[in-house]
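These notes are about the structure you will find just below.
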2 protein chains.
Amino acid sequence: MATTTTPRVSPAHEAQKLFFEIGMDHRGRVGASLAELGLTFSQAHALRLLDPERPLPMSSLAERLFCDASNVTGIADRLEARGLVERRSSAGDRRVKALTLTDDGVALRGRVVVIMSEPPAAIAALSVADQRTLRDVLKRAVEHLRS
Amino acid sequence: MATTTTPRVSPAHEAQKLFFEIGMDHRGRVGASLAELGLTFSQAHALRLLDPERPLPMSSLAERLFCDASNVTGIADRLEARGLVERRSSAGDRRVKALTLTDDGVALRGRVVVIMSEPPAAIAALSVADQRTLRDVLKRAVEHLRS
DNA sequence: CGCAGATACTTGATCAACTCAAGTATCTGC
DNA sequence: GCAGATACTTGAGTTGATCAAGTATCTGCG
């Protein structure tokens with residue numbers, strides 16, 4: 001068995017290594033920015049998933065965070081303790097508690113969105129042409145993910 | 001103020017959104033695979049940073065994990081309890097304890113490397129041409145990171 | 001040489017996140 | 001109207017993370 005079969009190192013594997021490196025670096029930077037706001041990554045992620053216009057049932061949030069409902073209870077506790085969100089019992093189904101952003105919550109969420117939307121340093125440093133190329137390739141990649 | 005200035009949504013920002021989505025998806029998949037080996041992400045990451053050929057001082061590992069030394073103590077404790085690594089006091093400087101992989105550790109590390117080197121599903125699904133393009137752009141991005 | 005200060009690791013306290021199992025309240029359908 | 005499902009909470013237990021304090025060892029200066 002000399003040649004053929006999948007090469008041990010495909011372009012995709014090389015890309016993965018770089019992807020991971022950029023991701024870890026970025027996670028560190030984002031974490032530090034969020035810490036300045038007194039937020040953990042999970043709290044920020046949750047905050048960002050809340051729509052300022054519409055309450056979100058805790059079970060829906062759990063689904064979007066890919067975690068247990070009991071986990072959301074804790075995260076909501078801490079966000080609520082800081083006055084960023086409120087639990088509101090659903091009118092139609094009193095088992096359901098939906099989270100709504102307070103005014104402070106809306107404001108802080110805005111800052112979180114900015115921080116988390118900021119491209120990784122490595123990507124920001126690319127030429128605009130490269131950025132466009134990257135965006136287009138990733139767009140095709142994500143489409144594969146959804147189908 | 002009509003035009004110019006940085007657009008609210010640059011190609012880099014769009015790329016970041018996609019990047020994040022792929023990264024989160026991949027993190028979930030990798031986490032699940034590692035859980036089957038009974039490893040957490042941190043443990044696997046540490047294991048992967050150990051060279052089967054050469055002991056690594058705990059302080060060096062802390063540096064590479066970007067975390068506190070006391071954190072490494074705990075991770076090493078758990079890896080050692082599973083017989084994957086051993087603490088070996090350095091001959092030259094007895095303050096230093098270097099971690100060495102046991103035979104089991106080397107074997108498990110091999111599996112970890114395979115899992116963590118596997119490209120995200122979204123990227124693996126790209127055409128080879130796109131994979132190459134992605135790799136090349138990311139390579140340029142990472143170079144910016146290092147300089 | 002000998003001691004002061006630096007360095008490497010450990011320990012203990014505290015907290016966030018996460019999981020699982022069990023509990024409470026409420027709803028839904030037979 | 002009652003049995004079972006659903007939404008959330010609570011409590012126990014683990015991991016990871018940070019900080020402060022402690023122990024052992026080394027290094028360099030006087």
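Note that these values count all heavy atoms, side chains included, but never hydrogens, waters or copies made by symmetry. Convention: sequence-line order gives letters A, B, ...; per-chain numbering from 1.
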### Task
Could you state the atom-to-atom distance from CG of A:Leu56 to P of D:dA7 in whole Å?
13 Å
### Query
Have B:Ser70 and B:Asp68 got a donor and an acceptor in their side chains that come within less than 3.5 Å?
yes
### Query
Under the 3.5 angstrom rule, does the side chain of A:Arg82 hit a backbone N or O of A:Gly38 as a donor-acceptor pair?
yes
### Closest-nucleotide ordering on DNA chain C, the 5'-leading residue of A:Gly92 and A:Gly74
A:Gly74
#### Entry: 5′-ward residue of the pair B:Phe66/A:Asn71 relative to DNA chain D
A:Asn71
### Task
Check the distance between D:dA7's C1' and A:Asp68's CG and give it to me in whole angstrom.
12 Å
#### Entry: A:Leu61 CG to C:dA17 P, straight-line distance once rounded to whole Å
12 Å
### Query
Could you give the CZ-to-C1' distance, from B:Arg87 to C:dA8, as a whole number of Å?
12 Å
### Task
Answer yes or no: does a side-chain N or O of B:Arg78 lie under 4.0 Å from OP1 or OP2 of D:dT14?
no
### Task
Scan every strand shown for a Watson-Crick or G-U wobble partner of C:dC30, both distances under 3.5 Å, and answer none if you come up empty.
D:dG1
### Side-chain N or O of B:Lys97 closer than 4.0 Å to phosphate OP1/OP2 of D:dA24
no
### Query
Quick one: B:Arg94 CZ to C:dT10 C1', roughly how many Å, whole number?
17 Å
### Message
Whole angstroms only, please: what is the CD-P distance between B:Glu80 and D:dT15?
### Response
15 Å
### Message
So A:Thr73, base contact, sugar-phosphate only, or nothing? Heavy-atom distance under 4.0 Å.
### Response
base
### Message
Let's test this: given Watson-Crick or G-U wobble pairing with both distances under 3.5 Å, identify the partner of D:dT6.
### Response
C:dA25
### Query
CG of A:Leu47 versus C1' of C:dA17: gap in Å, rounded?
17 Å
### For atom CD1 of B:Ile75 and atom P of C:dT10, their distance in whole Å
12 Å
### Query
Closer than 4.0 Å, any side-chain N/O of A:Ser70 to the OP1 or OP2 of C:dC18?
no
### Query
Salt-bridged, A:Asp136 to A:Arg132, with N to O below 4.0 Å?
no
### Message
Which residue is it: B:Val72, B:Asn71, B:Thr73? I am looking for the one with a side-chain contact (heavy atoms from CB on, under 4.5 Å) to B:Ile75.
### Response
B:Asn71
### Query
Is A:Ser59 touching bases, backbone alone, or none of the nucleic acid, heavy atoms closer than 4.0 Å?
sugar-phosphate
### Task
For B:Arg111, look at atom CZ and say whether over 12 heavy atoms of other residues, nucleotides or ligands are found less than 6.0 Å away.
no
#### Entry: Any B:Arg95 side-chain N or O less than 4.0 Å from OP1/OP2 of D:dT27
no
